[in-house]
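Below, read A as the first sequence line, B as the second, and so on, with proteins coming before strands; counting in each chain starts at 1. All values derive from a computational prediction rather than experimental measurement.
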There are 2 protein chains.
Amino acid sequence: MTPRVRGRPRSFDREAALARATLLFWKYGYEGTSIADLTREMGVSPPSLYAAFGDKRTLFSEVVERYGETFGAFMGRALDEEDDTRAAFARMLREAAASYTDPAHPAGCLVISAAVNYSPQTADVERALRDRRVANVRVFEERLADAGGRGELPAGVDAHTLAHYFAAVVQGLSQQARDGATAGELERVAGLAMSVWPAPAR
Amino acid sequence: MTPRVRGRPRSFDREAALARATLLFWKYGYEGTSIADLTREMGVSPPSLYAAFGDKRTLFSEVVERYGETFGAFMGRALDEEDDTRAAFARMLREAAASYTDPAHPAGCLVISAAVNYSPQTADVERALRDRRVANVRVFEERLADAGGRGELPAGVDAHTLAHYFAAVVQGLSQQARDGATAGELERVAGLAMSVWPAPAR
DNA sequence: CCCATTCCGTAGCGATGACTACATAAAAGA
DNA sequence: TCTTTTATGTAGTCATCGCTACGGAATGGG
């Protein structure tokens with residue numbers, strides 16, 4: 001199972017180091033986190049970091065990928081596991097409020113907040129996260145349009161606007177969490193935000 | 001009126017240079033904008049910049065102050081000029097949607113997006129903007145509590161939650177605008193967001 | 001006219017950014 | 001044991017960061 005390779009084995013836990021890097025990028029963002037910060041917190045010297053993860057951009061990409069499969073996975077799960085569309089979005093907002101304020105890690109969402117500011121040279125990093133967010137809005141819209149087609153929403157409900165609304169609320173929850181809002185405050189905001197849901201077709 | 005001073009007069013328009021700096025910080029953020037970027041776009045050499053504006057932090061502070069009195073002033077105006085509280089918040093969201101997508105300047109709100117990412121050395125800049133945002137939530141809450149006291153809202157309506165909700169929506173609109181949402185899309189989101197407004201007391 | 005004052009552009013300061021050359025250490029294969 | 005392979009720590013590379021010393025240019029005061 002453990003494929004013994006040639007050469008000297010690496011002296012650090014790659015997964016643990018990646019987890020440390022995630023926390024740094026999450027809190028300070030891509031440009032706010034220096035290689036010196038990373039090597040210090042990961043307990044790895046610069047050459048080892050570059051050998052194990054490639055350059056800073058590649059490491060960041062892997063961090064984002066890992067984030068999506070772990071901390072950020074609640075969003076896809078809420079939409080996939082709930083049959084009722086309203087329940088799916090309600091659960092998504094509720095879990096976002098909880099996750100974004102979890103004291104076990106930095107506040108807010110890494111995909112939303114880690115590359116807001118960027119120098120002209122790192123515009124592509126900002127673009128990569130923006131593409132993820134835009135793709136997410138499309139996922140929302142497809143689910144809502146599908147719900148409309150199945151009669152879960154009254155005819156004529158604007159799935160496009162509703163999708164952008166939920167995206168905006170999620171991003172607002174992330175920003176509020178970073179500004180110090182508590183889990184309880186955000187859970188109540190999430191509940192209030194759901195009251196825009198259109199009256200059921202009759 | 002023009003107080004003639006001794007020495008050589010400055011060869012550039014201080015207000016125009018400040019406006020250029022505002023656009024740069026607005027788009028790229030505090031750390032994403034270098035002194036080299038600023039001197040190039042402002043058409044001013046580094047020593048002139050430092051003589052006229054102090055260091056980078058001080059320049060940024062002045063930019064933020066100016067922003068609040070110009071581009072960001074619609075928010076205070078909406079709350080001050082509208083007697084009806086619901087109309088005040090509706091106008092605020094509507095104008096935010098318009099301002100954040102105005103092609104005459106970078107998308108979104110400078111106070112929300114210019115210092116999301118920060119190195120440990122510039123945490124105080126992030127803090128300064130965060131304090132502004134948090135103060136804003138308090139202004140919202142006071143206006144909403146006042147509306148409750150005047151009978152504009154049903155008894156028992158949670159002004160605190162409502163204030164955080166509106167703050168989150170505004171921040172979500174800003175992020176959506178930076179991600180490329182159009183004015184029309186955000187205006188519809190703003191309208192939808194207002195449907196959480198509680199039914200009037202009877 | 002000369003001086004004091006203020007601003008100008010050039011050129012460069014020390015510190016830090018991302019990243020790497022190099023010699024060595026630790027493993028597997030022959 | 002000896003070679004090959006891969007990882008390690010030290011100690012740098014060059015570019016860019018925010019910022020400034022310095023000498024010259026443009027003004028008003030005397």
Side-chain angles (χ1 to χ4, degrees), chain A residues 1-18 20-21 24-25 28-63 114-115 117-126, chain B residues 1-18 21 24-25 28-63 114-115 117-126 128:
Chain A
M1 194 57 210
T2 43
R4 287 286 171 165
V5 288
R6 299 265 303 223
R8 176 174 177 172
R10 90 164 33 100
S11 66
F12 61 94
D13 182 341
R14 193 180 187 282
E15 275 305 307
L18 197 58
R20 297 292 203 116
L24 283 176
F25 281 130
Y28 299 110
Y30 178 76
E31 289 216 319
T33 306
S34 69
I35 296 289
D37 296 332
L38 289 164
T39 56
R40 189 186 341 101
E41 291 295 318
M42 296 164 79
V44 171
S45 65
S48 297
L49 187 150
Y50 279 84
F53 299 104
D55 66 4
K56 190 184 176 187
R57 280 168 152 80
T58 309
L59 169 60
F60 183 71
S61 297
E62 190 168 349
V63 161
N117 309 130
Y118 55 97
S119 66
Q121 295 90 323
T122 57
D124 54 337
V125 174
E126 191 272 342
Chain B
M1 195 55 209
T2 44
R4 286 286 170 166
V5 287
R6 285 282 293 252
R8 176 175 174 171
R10 112 166 10 107
S11 65
F12 61 94
D13 182 341
R14 193 181 187 282
E15 276 304 308
L18 197 58
L24 282 177
F25 281 130
Y28 299 109
Y30 177 75
E31 289 215 319
T33 306
S34 69
I35 297 290
D37 295 332
L38 290 165
T39 56
R40 188 186 341 103
E41 291 295 318
M42 296 165 79
V44 171
S45 64
S48 296
L49 188 150
Y50 279 84
F53 299 105
D55 65 5
K56 191 185 176 187
R57 279 169 153 79
T58 310
L59 169 60
F60 183 72
S61 297
E62 189 169 347
V63 160
N117 308 130
Y118 55 97
S119 65
Q121 294 89 323
T122 56
D124 53 338
V125 174
E126 191 273 342

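- Residue pairs meeting the salt bridge (charged side-chain N to carboxylate O under 4.0 Å, His left out) criterion with at least one member in residues 46-58 of chain A, sequence neighbours excluded: Arg57(A)-Asp124(A).
- A straight line from CD of Glu31(A) to P of dA15(D) spans 19 Å, rounded to a whole angstrom.
- A salt bridge is absent between Glu15(A) and Arg20(A); no separation between the charged side-chain nitrogens and carboxylate oxygens falls under 4.0 Å.
- Between the axis at the start and the axis at the end of the helix from dC1(C)-dG30(D) to dA30(C)-dT1(D) there is an angle of 10°, using five pairs per end and rounding to 10 degrees.
- Both Phe12(A) and Tyr30(B) lie close to DNA chain D; mapped to their nearest nucleotides by heavy-atom distance, the more 5′-ward contact belongs to Phe12(A).
- Nearest-nucleotide assignment on DNA chain C puts the 5′-proximal partner with Arg10(B), out of Tyr50(A) and Arg10(B).
- Following rounding to the nearest Å, Asp37(A) (CG) and dA18(C) (C1') show an atom-to-atom distance of 12 Å.
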Would you tabulate the nitrogen or oxygen pairs shorter than 3.5 Å linking the protein to nucleotides 23-25 of chain D?
residue	atom	partner	partner atom	Å
dA25(D)	N3	Arg8(B)	NH1	3.2

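- The OG atom of Ser119(A) sits 11.0 Å away from atom CD of Glu126(A), with the distance rounded to the nearest 0.5 Å.
- Following rounding to the nearest Å, Tyr118(B) (OH) and dC17(D) (C1') show an atom-to-atom distance of 20 Å.
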Sequence neighbours excluded and cut-off under 3.5 Å, please list the side-chain donor-acceptor pairs for residues 41-54 of chain A, or say none.
residue	atom	partner	partner atom	Å
Ser45(A)	OG	Ser48(A)	OG	3.4

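- Between the P atom of dG17(C) and the CD atom of Gln121(B) lies a distance of 6 Å, rounded to the nearest Å.
- Between Phe25(B) and Phe60(B), a ring centre-to-centre spacing shorter than 6.0 Å is recorded.
- Ring centroids of Tyr118(A) and Tyr30(A) are separated by 6.0 Å or more, keeping the two rings apart.
- Distance check, rounded to the nearest 0.5 Å: CG of Leu24(B) to CZ of Arg40(B) gives 8.0 Å.
- In this structure, Asn117(B) and Thr33(A) have side chains that are not in contact, with every pair of non-hydrogen atoms separated by 4.5 Å or more.
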Quiz prompt | Annotated protein contacts, base or backbone, on nucleotides 9-15 of chain C with a non-hydrogen cut-off under 4.0 Å, one of B, S, - each | solution = BB-----

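- Across Pro120(B) and Gly32(A), no two heavy atoms sit closer than the pair CD-O, 3.9 Å.
- dT16(C) atom P lies 17 Å from atom CD1 of Ile35(B), rounded to whole Å.
- Here the side chains of Asp13(A) and Leu18(A) are not in contact, with every heavy-atom distance at 4.5 Å or above.
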Please tabulate the protein-to-nucleotide N/O contacts below 3.5 Å involving nucleotides 2-4 of chain C, giving atom names and distances.
residue	atom	partner	partner atom	Å
dA4(C)	N3	Arg6(B)	NH2	3.2

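- Of the candidate nucleotides dT27(D), dA26(C), dC19(D), dC19(D) has the atom lying nearest to any side-chain atom of Asp55(B).
- Shown here for Val63(A) and Ala21(A), the closest heavy-atom pair between the two residues is CG2-CB, 4.1 Å.
- Residues Ser61(A) and Val125(A) fail the side-chain proximity criterion, which asks for heavy atoms closer than 4.5 Å.
- Rounding to whole angstrom units, CZ of residue Arg57(B) and P of dG18(D) are separated by 11 Å.
- Taking the ring centre of Phe12(A) as origin, the terminal cationic atom of Arg10(A) falls inside the region bounded by 6.0 Å and 45° from the ring axis.
- Residue-level contact check: Thr33(A) touches the backbone only, with heavy atoms under 4.0 Å from sugar-phosphate atoms and none from bases.
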